[in-house]
Amino acid sequence: MTDLFGHQGELLRRRIAPLADRLRPRTLDEFVGQERILGPGRLLRRAILADRVGNLILHGPPGTGKTTLARIIAGSTRAHFTNLNAVLAGVKDLRNEVDQARQRLEQHGLRSLLFIDEVHRFNTAQQDALLPWVENGTLTLIGATTENPYFEVNKALVSRSRLFRLQPLEPEALQRLLDQALADAERGYGDRQVHLGQEARDHLVQVAGGDARSLLNALELAVETTPPRSDGAIEIDLAIAEESIQQRAVLYDKQGDAHFDTISAFIKSLRGSDADAALFWLARMVEAGEDPRFLLRRMLIAAGEDVGLADPQAMVVVAACASCFDRVGLPEGLYALAQAALYLAGAEKSNSTMGIFSALEAVRRTNKQGVPSHLRDAHRDGKAFGDGVGYRYPHAYADHWVAQQYLPTDLQGELFWQPGTLGWEGERRQRLQERRAAQLAAVDEMAGESSDHFSSSPQDPQLERWLRRQCATEGERLDRLRQQLWLGARIDRLDRVLVLESRSLLWALDPLLLASEGEVVMTLTADADRQRLEAQVQLLDDLRRPRLLPATPKTLQELAREGMAFEWFVARQPLPGQPSAHRRTWLKQMHALAAPSAEFRLLLSQPLLGPLGCLQQGWAASASKEPRAAPPPAKAIPADLLAAVLPLEQLWLEQQALDHDQWTVDLEALGWSAEVRSWEERLSWRLEPLLLQRWFAPGASYRTHLEQQLEPMAMAALETLFRSAAGAAGPQRLRHTLVIAQGGPAA
């Protein structure tokens, strides 16, 4: 009977639950917004789909989907899922959950996920009570908080968890939520005739400010309190929408992120001379109840840091405004606040006063800081040691100035103050530079420059070591090419990278390290390559491994069906020997998979000597090192064969160069903006079976080109010559071309 009553109670609760609760998404596909962390290919989405969710802390403003996301994880995991609210739960509840989780693990081998809402509300002792069980894997923690976890959550818990920051929903996402609410007959208002005017819709979206719960609560209030017309329809116009949502409360916590983020925006607006933005952020903080004296203190700092000596009066004006505010208070004190902010925003800017930090740094790093003897105090017993001797009294000279040494000897030539070109200091800049030059000419010694050295530790030392090993196994030459391929690339941790037709992990190492919360997908042309690479990535965590797929049109179609959109496309020597039409089709497929502002990086390499030219130069070089005598017969290339083949080789090389240029043309035809970097590399080669296979195998580009022009006997003679020269070595030159194309669908 208890179960029956409980079931009936749950059904009743669902019927009377608020609209925002009824419309909670139940699957990832229903979830709206947060594409940056939940879009196809993102780490969190892959972890949920693979049931590999580890310890998570979700933080962000109210109404962005933190609790909803936890419920979706609960519905998709094979682990036992329980939840607590930190406002209501205590240490006793935590111990009970731990005991049950331990029993499930020991008796049934079942993992336990514990969701704690408002986790920042747990005190230090409660958070410490969780730590051992999270540490040993008895519990997997999913925490949700509106506060910055770095400040409000135990550092040990934070270090053992992945943090995901949910952003306020974009207007497009809020519009979709409204459409769902109006169309869903089971959980929303699809069974009623609700007409939501466009002005009312726009107002609800705007005032909701990215908060889905606020939006749906306002819609529910509007629908439930508006009497239907005679035809049964409920008409919601702008006036009703305004009454339903009223005015958005300013989301502001004086101890949290909003406090620090808003004051940061205010100071940066002052620094950027944007008076309108400065007044907006100032008003937002005043409206939220920020202490005006705190704001005036920050403006005094800005007067010294960002205005400085470009306008020395800035400090005086802000100090006067602060004094005025202390006398009159609010609300009239708003004039003083506004005057201080507007003066700072409109003043000329200079941060030259930050020279004090350069001087402090010099004090800390310089061992010899002795006062030069002519500057020492000569009024005590220093005269016996020559203190003060040689000092030049500036007032005894024209313009009350004379060139002499004032800095310690080891710091001669150091510049701590760099005056700007504007305002008060700009007027004095030229004279200062002239006097500095005169002083440097007046001293005999100059101190050498010193430099700072900074170091940092990687976030994942094991991954870093693995990547270094992979680089080493590929060889120094190819690793230099890898560095050139990724030079200047700004890979974001959320990016999705498609490495095309690769035979080596080398070209994917950089994104594997940097795109830690995105995904790396590699397409491979041979099964043997796939088996080899799968063995190489076994040491990586499942979620950090690249996805290895066959390089086929079907693969690209499947990626498109998944909704994958890549920020990076990377290839080394793609589509060798393929016709232009195939290349254009291939690029169109890539274009369809591109995210906005995506980037192509194609590394193309072209020999500058053909095979016969290499062999000729190699034999000529070896002959020059031997005693002066006729080269042995094995190293003789028939003159008629040289005359017939070398011009054809040159045409073959030129055709390859044209093919490389065509990549840029085809990308630009699709709307990409392309640039090209080229450089040459000198290396040596040795004639081995693999090289012979590349040149003379049926269908090889070199063989096909020659067969179109040479007689069969000449072709046979050429192949025989190369096979008899196995093991020969010689020089080669390569031209590497890096095609970088940007833009994609957004262009």
Side-chain angles (χ1 to χ4, degrees), residues 39-41 481 484-492 495-503 507-508 511 518 520-525 549-608 651-680 699 701 704-705 734-747:
L481 286 179
Q484 287 290 337
L485 172 66
W486 290 109
L487 182 65
R490 294 188 174 184
I491 305 173
D492 186 79
D495 283 349
R496 294 154 295 191
V497 183
L498 182 56
V499 183
L500 296 148
E501 301 197 356
S502 179
R503 299 193 60 194
W507 318 111
V520 178
V521 179
M522 301 180 68
T523 64
L524 311 174
T525 56
L549 302 173
T552 63
K554 183 179 178 181
T555 293
L556 302 179
Q557 294 167 5
E558 290 174 352
L559 290 173
R561 283 196 294 270
E562 289 178 19
M564 288 289 286
F566 293 93
E567 283 77 21
W568 297 89
F569 298 90
V570 183
R572 162 85 166 115
Q573 293 292 86
L575 308 182
Q578 295 292 336
S580 299
H582 183 73
R583 177 177 58 241
R584 287 191 287 271
T585 300
W586 186 81
L587 284 176
K588 288 179 181 178
Q589 292 173 319
M590 299 304 108
H591 181 79
L593 289 171
S597 303
E599 183 167 320
F600 257 101
R601 289 200 168 221
L602 305 176
L603 181 57
L604 312 169
S605 299
Q606 172 204 351
L608 298 181
L651 289 174
W652 176 66
L653 294 172
E654 291 173 358
Q655 182 60 50
Q656 286 189 305
L658 289 173
D659 287 344
H660 286 185
D661 294 340
Q662 193 61 38
W663 282 100
T664 303
V665 174
D666 292 341
L667 280 166
E668 290 178 342
L670 288 171
W672 297 71
S673 175
E675 65 169 298
V676 174
R677 303 175 189 169
S678 295
W679 67 97
E680 288 192 13
S701 171
T704 301
H705 177 78
L734 294 180
R735 175 180 291 119
H736 300 294
T737 301
L738 178 61
V739 178
I740 301 176
Q742 297 175 326

Please check if the side chain of Arg601 supplies one atom and the backbone of Leu485 the other of a donor-acceptor pair under 3.5 Å. yes
Checking Thr525 side chain against Glu501 main chain: does a donor-acceptor pair fall under 3.5 Å? no
Taking Ala565's backbone N and O only, do any of them form a donor-acceptor pair with Arg496's side chain (distance below 3.5 Å, no angle check)? yes
Heavy-atom check, side chain of Met522 versus side chain of Trp507, under 4.5 Å: no
Less than 4.5 Å apart, side chain to side chain, heavy atoms only: is that true for Ile491 and Trp486? yes
Rounded to the nearest 0.5 Å, how far apart are CG of Leu667 and NE2 of His591? 10.5 Å
How many angstroms lie between CD in Glu680 and OG1 in Thr737, if you round to the nearest 0.5 Å? 10.0 Å
Report the distance from atom CE of Met590 to atom CG of Leu559, rounding to the nearest 0.5 Å. 8.5 Å
Should the pair Trp672 and Phe600 be assigned to parallel (<30°), tilted (30 to 60°) or perpendicular (>60°) ring geometry? perpendicular
Is any side-chain heavy atom of Leu481 closer than 4.5 Å to a side-chain heavy atom of His736? yes
Just wondering, do Leu487 and Gln484 contact through their side chains at under 4.5 Å, heavy atoms? yes
Work out which heavy atom in Val521 is nearest to a heavy atom in Phe566; give both atom names and the distance. CG2-CE2, 3.9 Å
Value for OG1 (Thr523) from CG (Leu500), rounded to nearest 0.5 Å, stands at 4.5 Å
Quick one, Leu602 and Phe569 - any side-chain contact, counting heavy atoms below 4.5 Å? no
Do Val499 and Arg572 touch side chain to side chain, with heavy atoms closer than 4.5 Å? no
Can you confirm whether Ile740 sits close enough to Glu599 that some side-chain heavy atom of one is under 4.5 Å from a side-chain heavy atom of the other? yes
Side chains of Glu567 and Val497: closer than 4.5 Å at any heavy-atom pair? no
Taking all heavy atoms of Pro550 and all of Thr555, pick out the closest pair and write down the distance. O-OG1, 2.6 Å
